[in-house]
There are 2 protein chains.
Amino acid sequence: MPDTASRSPKGEQTRQAIVAAALGLFRAGGYDATTMRAIADEAGVSLGNAYYYFSSKEHLVQAFYDQVQTEHASAARRVLATETAFAPRLSGLFVAWVDVATPYHAFAGQFFKNAAEPTSPLSPFSPESAPARDASIVLFRTVVEGSDLKVTPELRSELPELLWMLHMGVVLFWVHDASPDQRRTRRLVERIVPLVDRLARMTRLPVVRGIVEDLVVLLRDLRR
Amino acid sequence: MPDTASRSPKGEQTRQAIVAAALGLFRAGGYDATTMRAIADEAGVSLGNAYYYFSSKEHLVQAFYDQVQTEHASAARRVLATETAFAPRLSGLFVAWVDVATPYHAFAGQFFKNAAEPTSPLSPFSPESAPARDASIVLFRTVVEGSDLKVTPELRSELPELLWMLHMGVVLFWVHDASPDQRRTRRLVERIVPLVDRLARMTRLPVVRGIVEDLVVLLRDLRR
DNA sequence: GATGGGACTTGAACACGTTCAACTATCCGC
DNA sequence: GCGGATAGTTGAACGTGTTCAAGTCCCATC
C-alpha cells in the first residue's frame, strides 16, 4: 500500500486524480458530506482502488495539509527575505498562514475534529505529521536566527518550538473564529506579536531569567 | 425527544440504565469499540429506544462530562477548604482533575475529537458548555480569591479565566499523554504550578506590569 | 369502561467507511 | 516470448451510526 512512498508513474497519476477529486469535493460540499464513493467516481476509479492509495478518508486530508504547508513555506520565505527585525518576521509568518488557510476555513472546521484526536494521523503531534511539523518549526527557527533578537542561549534553542506551539494556539483560535474573514484571528496576531517580542527581550533581565530557565528545563524534561 | 428535559419517572429510569450501560462499556472497551447496539443490549432496551433518549452517540458523552465535572467540583471543595496558599490551591485543583479523569483516559482520547469540533455543543467554548465552563472558572476564581496571592486588580479579575485556559492546556496534554498513569501530566502539573506562582507574583514588578496590562486589554478585546 | 392522545418502544432499513478475495496489467530476468 | 512476481484494480460484503414507520403502553377525560 503505497501511501506516501513508491512513486511509480502509473500509480502516481491515479493518486493525483484521487487527491484532486477529493479536494474539489471537500471544498464544494464539506468533509462529512463528501463520500468516498463520490470521490472514487469523480476520480474515475473504483471505491476499492481509492483505498489502495489512501488507507482512510482521513489520509486524504494529509494532501490538504501538505498543500497548505507548502504554500505557507513559500509565502514565509518571501517575508523572511525582506524583514530583519524579530516582530515583523514573526508577524509575517502568522499572517502568511492565515492568508494561505483562509479559503479553506469552512472546510477546515469540519475535519478539525479528526485532527484533534490523539490517535489520528492528522494530529499535529502524530508521527505521521512529523515531517510537516518539523518543516514548520524550521520556519520559526529561521524567524529567530535571522533576526536581531537577543535572548539567552538556552531559550534561543527552545524558542522555535515554543513559537510553533503559539502558532498551534493561533490555529485553534482561527478554527473557532466565526468572524468575517477571520478578522478576530488577524487582530489576535497583530496584537500578540508585540507582546511576545517584549516578553522575549525581557527574558534577559535577572528577575525574569530564573523563571525562563526553569521553563526551559521543564520543556526538556517533558519532551523525553 | 427528551434529550435533557422532561424527566417523567418512567423515562428517567430507562435513561439512566442507558447512561450506566454506556459508561460501563466505554470504560471497559473504549468509545469506538462500544457500539450503540451493545449499549442498548446492556441496558435491556432496543436500539431505537436508545436513540429516543440520546439523539446520537456523542450525546451520551455529555453524561461523562457531567460526571467528571461533578466529581471534580466536590474533590476541589475538599482541597480548597484546607489550603490557603495560592500554589497548593492551584495544584490541588489540577491534581484533583487528573485523579478524577484518570480512569477514563484510555477512551477519553477517542471522543476528545467531539469536544474539539468548533460547531459541536460538546466543545468547551460552545454556548451549550457555558454553564459547565462557568462552573469551572468559578473554581479557579475561588483558588485566587481564597489565597494569599497579591496581583494587580485588573489581572486579578482576569486570572480565573487565564487559569482555566491553562487547565484546558493541561487537559490537552493529558489527552495526548500515553505514559503510564499519565505520569508526565502529573509532572507537568507539579512543576508548572510553581512557575505560575512565581510569574503571578512577578506581575507587580514595574517592568512586567506593563506587558500584563496589555495582555489583559487584549483578552478583553478578543472576548467581545 | 371506552377513547383519544401522548409517552414510550421496536427492529428493519439506509448510507456510510472500510475490508478483502479475486482479478488484470505491467514489467523484469531469462 | 515465457513465467512469475509485483503493481494496480474491482465490486461485493461487513459492521457501524442513524432514521423511521409502525406499533404498544399509560392514563386523563368523558
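Order of the sequence lines fixes the chain letters, A, B, ..., with proteins taken first and strands second; residue numbering starts at 1 for each chain. What you are looking at is a predicted structure, and each value in this text was computed from that prediction instead of being measured.
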Undergrad: Pull out every protein N or O sitting under 3.5 Å from an N or O of nucleotides 19-23 of chain D, one pair per line with the distance.
TA:
none

Undergrad: Salt bridge check, B/R223 against B/E158: does any charged N sit closer than 4.0 Å to a carboxylate O?
TA: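 B/R223 and B/E158: salt-bridged.
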Undergrad: Mind calculating the distance between CG (A/L60) and P (C/dG17) to the nearest angstrom?
TA: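 The answer, rounded to whole Å, is 11 Å.
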Undergrad: Below 6.0 angstrom between ring centroids: does that apply to B/F26 and B/Y104?
TA: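 They do not qualify: ring centres at least 6.0 Å apart.
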Undergrad: For B/L222, is there any backbone N or O sitting under 3.5 Å from a side-chain donor or acceptor partner on A/R184?
TA: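 Flag set: sc A/R184 to bb B/L222 pair under 3.5 Å.
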Undergrad: Atom OH of B/Y53 and atom P of C/dA7: how far apart are they, to the nearest Å?
TA: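 These atoms are roughly 11 Å apart.
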Undergrad: Answer with yes or no whether the side chains of B/R220 and B/S157 bring together a donor and an acceptor at under 3.5 Å.
TA: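 Short answer, yes.
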Undergrad: Determine the interplanar angle of the B/F140 and B/H167 rings, folded into 0 to 90°, and report it as parallel if under 30°, tilted if 30 to 60°, perpendicular if over 60°.
TA: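 It falls in the tilted class, 30° to 60°.
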Undergrad: Mind calculating the distance between CD (A/E12) and C1' (D/dA7) to the nearest angstrom?
TA: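 Computing the A/E12:CD to D/dA7:C1' distance gives 14 Å.
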Undergrad: Report the distance from atom CD1 of B/I18 to atom C1' of C/dT9, rounded to the nearest whole Å.
TA: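 Result: 11 Å.
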Undergrad: Taking B/H105 for its side chain and B/A101 for its backbone only, find out whether a donor-acceptor pair lies under 3.5 Å.
TA: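 Looks like no, no N/O pair under 3.5 Å.
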Undergrad: Have A/H59 and A/S56 got a donor and an acceptor in their side chains that come within less than 3.5 Å?
TA: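 Yes, A/S56 and A/H59 have a side-chain donor paired with an acceptor closer than 3.5 Å.
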Undergrad: Could you tell me whether the phosphate oxygens of C/dT9, OP1 or OP2, come under 4.0 Å of any side-chain nitrogen or oxygen in B/Y52?
TA: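 The answer is no; no side-chain N or O of B/Y52 sits under 4.0 Å from OP1 or OP2.
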Undergrad: Could you tell me whether the phosphate oxygens of C/dG17, OP1 or OP2, come under 4.0 Å of any side-chain nitrogen or oxygen in A/S56?
TA: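 Indeed not, no polar side-chain atom of A/S56 lies that close.
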Undergrad: Taking the six-membered ring of A/Y31, is the NZ or CZ of A/K57 close enough (under 6.0 Å from the centre) and on axis enough (within 45°)?
TA: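 The answer is yes, since A/K57 meets both limits relative to A/Y31.
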Undergrad: Which ones in residues 19-40 of chain B lie close to DNA chain D, meaning a heavy atom under 4.0 Å from one of its atoms?
TA: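 The stretch gives B/T34, B/T35, B/M36, B/R37 as the residues lying under 4.0 Å from the strand, ordered by number.
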